Amino acid sequence: MSETLVFKRPDMLRNVGFHYCPGCTHGIIHRLIAECIEELGLSDKTIGVAPVGCSVLAYDYFNCDMQEAAHGRAPAVATGIKRVHEDACVFTYQGDGDLASIGTAEIIHAAARSENISVFFVNNAIYGMTGGQMAPTTLVGQKATTSPHGRNQKYAGMPIRMSEVMAAIEGAYYIERVMVVDVKSINNAKKAIKKSLQYQMEGKGFSMVEILSTCPTGWGMTPLDAVEWLKKDMVDYYPLGLIKEGN
Amino acid sequence: MEKRFMKGNEAIAEAAVMAGCRYFYGYPITPQNEIPEYFSWRLPEVGGIFIQAESEIGAINMCYGTSGSGARVMTSSSGPGLSLKAEGISYMAGANLPVVIVNIMRAGPGLGSIQPSQSDYLQATKGGGHGDYNCLVYAPTGVQSAVDLVQLAFDKADEYRMPAIILGDGVIGQMMEPVVIQEKKPIKVDKSWATVGWKDKNRPRAVINSLSLVPSELEEWNLNLQAKYKKIKESEVLYETYNMEDSDILVVAYGSTSRTIRSAIDENELKGHKIGLFTPISLWPYPEKELKEATKGKKCVLVVEMSAGQMLQDVKLAVGDTAPVHFYGRMGGIIPTAEEIFAQILKLGEVL
């Protein structure tokens, strides 16, 4: 009886176990990016930029040349890479503390210059790695270690919708928000990630895919409850779908 | 070679181009604006890239990306901008990345003023950012000196894979002098560590990084940095001396202040005494042994700075009890004149 291999780890992912918590969707997102790079034949011309946050070790997982950026500075680092290697496929992988808080200047101006890069923005509405503090994307009422009674709009303001902010920038070519909680949404996310990389290779300029992600540990939920909360509460505030295409 | 009459800031930029620098990222701040302005038209002429970054933080992190990609890169700023770049400089030092950073010092602290100063000495020579690291620091004494040191800095940054700082001041940046700027071919170094896309599978995957979560591995990483610094301290010290023979008063100064002191020495005569001048060119590594040697047999040492006495600390450490050390400094953007410096020397001469 012969065996047929139908599913395997993409070569673009190194044979290293993820350090992510059970129920976290970083692993799915890593895999989707790796599959897309591989399917587009970009493996040996890709340079990735890892952030500071839960995915700080992304350089250990993606099987390509990588640079580890300071907190929030990935778009500036990616700019410095892409201006040297114009034909390379350059992507950043950033969380919501990294991109939507400390790195707002860098992300906005990378888009304003229409840097020809792909940004994968993982929004899980919390600072995961540092232990569950309030993020710029934490929902009103959501509990975090620095908003123990739930985010209070009066003192902490409203969460920021980065995709909508980025869409207002002339230089941004493609912005889409997706999630990765079931087969259908994962397939949609993969399409968006691939589109972003394709647009970069076509020289269209800046693109960003925001991927809503679960953080059962930081949210204090079971993985299944986290998925339900994401689908209902997060999607309610961060609507899914295409936000901008073309400029 | 053709001599050109150039402003310090513009000469610094042209020297970088002639040393093979094709990438410059910067943010406007006085008194260094002629540097980005010059690069903005000059780099496109030679197929290079100029970006006016969103901030000094953006600029230094663009340098990180470009340097990590294997290309020569420069950024420039002045005091407050260097404070912002400190994070990125620490990361580049930690990740073993070459870069040339120009600081045309202005008076601080805070917003301070746009007038010349030497008050970023400690920031430049003792780190400035977090962690145990050093940068090569070169202090030009004039425009030609700035040209030569910029070109040297690119080679040394590449050789040692670390940031090199050109610590100038508003006088150096703004004054015009005749200069010769020659093309300087970059030294040959291995850059197989750079991220270029992993086509060549004969080399390891390139990862530019300063993170190391295992304490023993991070200590090892630090020990390697310290070993590099030790080697540099032994072989990269630069300094100049003037009028040393038979001198009994030794003045120590760097940068434009050193030039003023030369005038003070040339234009005056001090009965019964002779004044020598010791000018550190590399501020890190500091010419400790050479300075101590130079102070032997001297009756006293006078340190002159446009600061509250920042290099003074290094002079005292180097000189020890070989000779008494005195200090004269001006702050706030005031440039001490040759006359007022000589008056200080005269006072010392009277009590000797």
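Atom set for the values below is all heavy atoms of this structure, side chains included, hydrogens, waters and symmetry mates excluded. The structure displayed is predicted, hence computed values, not measured ones. Chain naming here is simple, since letters A, B, ... match the order of the sequence lines and numbering starts at 1 in each.
With T195(B) as the fixed residue, the side-chain contact (heavy atoms from CB on, under 4.5 Å) test singles out one of V84(A), V90(A), V49(A), I47(A): I47(A).
Residue A70(A) comes nearest to N61(B) through the heavy atom pair CB-OD1, 4.2 Å, listed as atom of the first residue, atom of the second, then distance.
Within a 6.0 Å radius of NZ in K191(A), no more than 12 heavy atoms belonging to other residues, nucleotides or ligands are found. Within 6.0 Å of CD on E45(B) lie more than 12 heavy atoms contributed by other residues, nucleotides or ligands. At most 12 non-hydrogen atoms from other residues, nucleotides or ligands lie less than 6.0 angstrom from NZ of K231(B). Within 6.0 Å of CD on E202(A) lie more than 12 heavy atoms contributed by other residues, nucleotides or ligands. Annotation: K185(B), atom NZ; neighbour count of heavy atoms from other residues, nucleotides and ligands within 6.0 Å does not exceed 12. Counting non-hydrogen atoms of neighbouring residues, nucleotides and ligands closer than 6.0 angstrom, the CD atom of E219(B) reaches no more than 12 such neighbours. Annotation: Y121(B), atom OH; neighbour count of heavy atoms from other residues, nucleotides and ligands within 6.0 Å is above 12. Atom CG of D87(A) sits in a sparse spot, with 12 or fewer heavy atoms from other residues, nucleotides or ligands closer than 6.0 Å.
Interface residue A194(B): only backbone heavy atoms are found under 4.5 Å from chain A. Contacts of I51(B) with chain A are made by side-chain atoms alone, with heavy-atom separations under 4.5 Å and no backbone atom involved. Using a 4.5 Å cut-off between heavy atoms, A88(A) makes no contact with chain B at all. For Y64(B), the parts lying under 4.5 angstrom from a heavy atom of chain A are both the backbone and the side chain. Both the backbone and the side chain of L211(B) come within contact range of chain A, with heavy atoms under 4.5 Å apart.
Legend: residues meeting salt bridge (Lys or Arg N to Asp or Glu O under 4.0 Å) with R22(B), ordered by chain and number and at least two apart, are absent. Residues satisfying the ring pair (Phe, Tyr, Trp, His ring centres under 6.0 Å) criterion with Y199(A), sequence neighbours excluded, are Y173(A), Y174(A).
With R205(B) contributing its side chain and F62(A) its backbone, the two residues share a donor-acceptor pair below 3.5 Å. Between the E54(B) side chain and the H109(A) main chain, no donor and acceptor come within less than 3.5 Å of each other.
With salt bridges taken as basic N to acidic carboxylate O contacts below 4.0 Å, one links D65(A) and R203(B).
Note that CG of L213(B) is 6.0 Å distant from CG of L57(A), once rounded to the nearest 0.5 Å. The distance from atom CD of E87(B) to atom CZ of R73(A), rounded to the nearest 0.5 Å, is 4.5 Å.
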Side chain to side chain contact (heavy atoms under 4.5 Å, CB included) between V196(B) and H85(A), intermediate numbers included
CA-CA 7 Å; V196(B) 298; H85(A) 303 298; 3.6 Å; yes
Is there a side chain to side chain contact (heavy atoms under 4.5 Å, CB included) between N63(A) and W198(B) once you walk through the steps?
CA-CA 9 Å; N63(A) 200 16; W198(B) 199 19; 3.3 Å; yes
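Most heavy-atom pairs under 4.5 Å with chain B: of the set E68(A), Q67(A), K82(A), E106(A), this distinction falls to Q67(A). Across G58(B), G197(B), S67(B), the residue that shares the most heavy-atom pairs under 4.5 angstrom with chain A is G197(B).
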